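Owing to the predicted nature of the structure, the values given are computational and were not obtained by experimental measurement.
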Amino acid sequence: MKLFSLKKSIGENLLHYIRLNGYTKTSFSKLTGISRPTLNQILNGDSPSPNIYEEQMKKITDALGLPLDYFTRLPSHEQEKWLLPATQYSDRFSGSERDALTRELLADLDELLSVAAFYVKG
C-alpha cells in the first residue's frame with residue numbers, strides 16, 4: 001500500500017481522529033509507542049522515508065485495532081465546534097522560522113487548551 005503518497009491527508013485525518021477521541025498528542029504518542037516528535041512529523045505530513053512511514057502507520061493502526069488504510073479516508077463524522085483548534089497563530093510573524101523550543105511550547109499549549117475545552121464543554 002502506498003500510504004506515503006497520501007501522507008498529508010492521512011496526517012489531517014489522524015489529527016482529526018486524535019481530537020475527536022479525546023487524546024492529546026502526548027497521550028496518543030504513549031498509546032501507540034511512537035515518539036512525540038515523530039507523531040508531529042506524521043501529523044504534518046513531513047515523514048522522510050516511505051518505509052519508515054508505513055511501519056509507523058502500521059504501529060498506529062495496530063494499537064487502535066484499525067485497518068491500515070483507515071486514515072486514507074475522510075472522517076465520517078462532523079467535527080464539533082469545541083474540538084476545533086483553540087489557538088490561531090498570526091501569519092504576520094516577522095522573524096524567521098520559530099525555534100524548536102518555541103514550537104514545542106506552542107504545541108504543548110495547544111494540547112492544554114484542547115483538554116481545557118473538553119472540561120468546559122462537559
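No donor-acceptor pair closer than 3.5 Å links the side chain of Ser27 to the backbone N or O of Tyr23. Counting only distance, with no hydrogens or angles, the side chain of Asn44 and the backbone of Gly11 share no donor-acceptor pair below 3.5 Å. Under a 3.5 Å cut-off, the side chain of Lys59 and the backbone N or O of Ile34 do not form any donor-acceptor pair.
At a threshold of 4.5 Å between non-hydrogen side-chain atoms, the residues Ile60 and Tyr70 do not count as touching.
Rounding to the nearest 0.5 angstrom, the gap separating the OG atom in Ser49 from the CD atom in Gln56 is 8.5 Å. Here CG of Leu68 is found 4.5 Å from OG1 of Thr61. Values are rounded to the nearest 0.5 Å. The CG atom of Asp69 sits 15.5 Å away from atom NZ of Lys2, with the distance rounded to the nearest 0.5 Å. Separation of atoms CD1 (Ile42) and CZ (Phe71) is listed at 10.5 Å; rounding is to 0.5 Å. Note: Lys58 NZ to Leu66 CG = 12.0 Å, rounded to the nearest 0.5 Å. Separating the CG atom in Leu109 from the OG1 atom in Thr102 is a distance of 12.0 Å, to the nearest 0.5 Å.
Connectivity analysis of hydrophobic side chains (ILVMFWY, heavy atoms under 4.5 Å, direct or indirect) links Leu105 to Leu101.
Nearest approach of Gln41 to Pro48, heavy atoms of both residues: OE1-CD, 3.9 Å. Here the shortest heavy-atom pairing between Arg73 and Pro67 reads NH2-CG, 4.5 Å. Listed here is the closest heavy atom pair of Ser29 and Ser35: OG-C, 3.4 Å.
Within the structure, ring pair (Phe, Tyr, Trp, His ring centres under 6.0 Å) contacts touching residues 50-69 (residues at least two apart or in different chains) are Phe4-Tyr53.
Take Lys30 and apply the salt bridge (charged side-chain N to carboxylate O under 4.0 Å, His left out) test, not counting sequence neighbours, and it matches no residue. For Leu112, the side chain to side chain contact (heavy atoms under 4.5 Å, CB included) criterion is met by no residue, not counting sequence neighbours. Qualifying side chain to side chain contact (heavy atoms under 4.5 Å, CB included) partners for Lys25, counting only residues two or more places apart in sequence or in other chains: Leu15, Arg36, Leu39, Asn40, Leu43, Glu111. A search for side chain to side chain contact (heavy atoms under 4.5 Å, CB included) contacts involving Ser9 returns Leu6, not counting sequence neighbours.
Linking ILVMFWY residues whenever their side-chain heavy atoms come closer than 4.5 Å, directly or via other members, leaves Leu3 and Ile52 in distinct clusters.
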